[in-house]
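What you see below is based on every heavy atom in this structure, not just the backbone, and it leaves out hydrogens, waters and symmetry mates. As the structure is a computational prediction, the values presented were derived from the model and not from experiment. Lettering follows sequence order; numbering is per chain, from 1.
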Amino acid sequence: MKSFSRNVFLVVKKIPLGKTMTYKQVAEKASRPRAWRAVGNILNKNDDQKIPCHRVICSNKAAGGYRLGTKEKIRILRKEGVVFEK
DNA sequence: CGTATGACGTGCA
DNA sequence: GTGCACGCCATAC
């Protein structure tokens, strides 16, 4: 891949441990501030092991979704040091 | 090439 | 605060 998806993966990989970023922010850094839709779609169809996609959440502070299950996503985030209190 | 889909976001009732 | 509808972009079929 050498398109928007590649950029998205790069941005997600840049997310520091213990931190989370919203789909919109990722899309914005990916040079496509209006493609947050595609961001989740790409990550979903490209569940790359090298990409901490579980650190990408919704803008409303909600975990959002996950290919393996939202609860699994939250579980991973907890292990990373990110706690979803709400 | 065109249609449908989806890990969303925002606005309005 | 909750629910519904519309809009948006890239990828898959």
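Rounding to the nearest 0.5 Å gives a distance of 9.5 Å between CG of A:L43 and CG of A:D48. For the atom pair NZ of A:K29 and CG of A:L10, the computed distance is 12.0 Å after rounding to the nearest 0.5 Å. From A:I42, atom CD1 reaches atom CD1 of A:I51 across 10.0 Å, with rounding to the nearest 0.5 Å. How far OG of A:S3 is from CZ of A:R32: 9.5 Å, rounded to the nearest 0.5 Å.
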Pair up each side-chain donor or acceptor in residues 52-60 of chain A with any protein partner under 3.5 Å, not counting sequence neighbours, and list the distances.
unit_1 : atom_1 : unit_2 : atom_2 : d
A:R55  : NH1    : A:I15  : O      : 2.8
A:R55  : NH2    : A:E80  : OE1    : 2.8

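Between A:E72 atom CD and B:dA7 atom P there is a gap of 17 Å when expressed in whole angstrom units. Protein atom CG of A:N44 is 9 Å distant from nucleotide atom P of B:dG6, rounded to whole Å. Atoms CG (A:N60) and C1' (C:dG3) sit 14 Å apart, rounded to a whole Å.
Residue A:K19 places its NZ atom among 12 or fewer non-hydrogen atoms of other residues, nucleotides or ligands, all under 6.0 Å distant.
Annotation: side chain to side chain donor-acceptor pair (under 3.5 Å) contacts involving residues 62-72 of chain A, sequence neighbours excluded, comprise A:N44-A:R67, A:E72-A:R75.
Within residues 47-58 of chain A, the residues having any heavy atom under 4.0 Å from DNA chain B are, by residue number, A:C53, A:C58. Contacts with DNA chain C (heavy atom under 4.0 Å) in residues 23-36 of chain A: A:R32, A:R34, A:A35, A:W36, listed by number.
Looking at residues two or more places apart in sequence or on another chain, you find a side-chain hydrogen bond (donor to acceptor under 3.5 Å, both in side chains) between A:K45 and A:N41.
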Report task. Check the pair A:S5 / A:N46 against side chain to side chain contact (heavy atoms under 4.5 Å, CB included), numbers first and verdict last. Result -> CA-CA 9 Å; A:S5 53; A:N46 292 278; 5.6 Å; no
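A heavy-atom distance below 4.5 Å is found between the side chains of A:V39 and A:F4.
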Show each protein N/O and nucleotides 11-13 of chain C N/O combination with a separation under 3.5 Å, one pair to a line.
unit_1 : atom_1 : unit_2 : atom_2 : d
C:dT11 : OP1    : A:S3   : OG     : 3.3
C:dT11 : OP1    : A:S5   : OG     : 3.4

